[in-house]
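Just below is one structure, and these are the notes that go with it.
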Amino acid sequence: MDGSAIAPWLSFLADMMLAAAALYVTSQALRGWYREQQAEKMAEGPEKQSRINDAKTFYALASLSKVWVLLLILGGTLIKLGINLYNGPWL
């Protein structure tokens with residue numbers, strides 16, 4: 001098995017890593033948005049403040065504060081970079 005046979009599998013792995021990170025970040029941001037929309041409909045009080053705090057927490061999670069998300073993005077990007085350099089137009 002030579003390098004050209006491994007490249008599609010590495011590319012697939014990188015795509016899956018980047019997709020997983022994108023799905024996580026997007027889902028956390030949408031959860032924050034949903035909690036914020038719920039809070040806007042509520043009367044002032046501790047319940048509304050709790051929803052606002054939940055929304056802030058989800059927005060913070062969406063800001064790539066999880067190490068595993070950062071590692072997926074870094075790993076996927078490095079794999080893609082390596083494959084593109086290996087299969088560059090200059091070859």
Side-chain angles (χ1 to χ4, degrees):
M1 185 178 252
D2 61 358
S4 63
I6 295 174
W9 287 103
L10 287 176
S11 181
F12 174 76
L13 175 65
D15 288 342
M16 292 300 104
M17 293 168 71
L18 294 169
L23 286 172
Y24 175 79
V25 169
T26 303
S27 68
Q28 295 305 319
L30 288 173
R31 288 174 72 187
W33 173 82
Y34 180 71
R35 294 292 170 114
E36 193 174 40
Q37 295 303 309
Q38 287 178 329
E40 285 181 6
K41 297 175 184 174
M42 300 173 79
E44 291 296 326
E47 178 86 16
K48 180 175 183 169
Q49 192 59 42
S50 174
R51 297 281 175 155
I52 291 171
N53 289 337
D54 286 347
K56 289 178 183 177
T57 300
F58 287 125
Y59 285 140
L61 290 172
S63 68
L64 305 176
S65 60
K66 297 286 187 182
V67 173
W68 68 268
V69 176
L70 294 171
L71 290 174
L72 284 179
I73 293 170
L74 177 65
T77 303
L78 288 175
I79 291 171
K80 283 295 206 181
L81 178 66
I83 290 171
N84 287 331
L85 287 174
Y86 179 74
N87 293 327
W90 52 83
L91 297 177

On a heavy-atom basis, which atom in G32 and which in A55 lie closest, and how many Å separate them? O-CB, 3.3 Å

Hydrophobic cluster identity match, L74 and W68, side-chain contacts under 4.5 Å: no

Y59 side-chain N/O to W33 backbone N/O, donor-acceptor pair under 3.5 Å: yes

Heavy-atom side-chain contact between L61 and R31 under 4.5 Å: no

Can you measure from CZ (R35) to OG (S50) and round to the nearest 0.5 angstrom? 8.0 Å

Taking all atoms of both residues into account, what is the closest heavy-atom pair of A29 and A62, and its distance? N-CB, 3.6 Å

Taking atom CE of M42 and atom CD1 of I52, what is their separation to the nearest 0.5 Å? 9.0 Å

Heavy-atom closest pair, residues K48 and A43: CB-O, 3.4 Å

Ignoring hydrogens and angles, tell me if any N or O in the side chain of S11 forms a donor-acceptor pair with the backbone of A7 under 3.5 Å. no

Given 3.5 Å as the limit, does a donor-acceptor pair link the side chain of T57 with the main chain of N53, or not? yes

Distance from M17 atom CE to L10 atom CG, nearest 0.5 Å? 10.5 Å

Give, for atom CG of L18 and atom CG of L23, the distance between the pair rounded to the nearest 0.5 Å. 11.0 Å

Under a 4.5 Å side-chain heavy-atom rule over Ile, Leu, Val, Met, Phe, Trp and Tyr, are L13 and V69 clustered together? yes

Roughly how far, to the nearest 0.5 Å, is CG of L78 from CD1 of I83? 11.0 Å

With sequence neighbours left out, write down each residue that passes ring-ring contact (aromatic ring centres under 6.0 Å, His included) with F58, or none if nothing qualifies. none

Hey, quick one: are I6 and F12 part of the same hydrophobic cluster, counting side-chain heavy atoms closer than 4.5 Å, chains of contacts allowed? no

Interatomic distance, E36 atom CD to R51 atom CZ [nearest 0.5 angstrom]: 13.0 Å

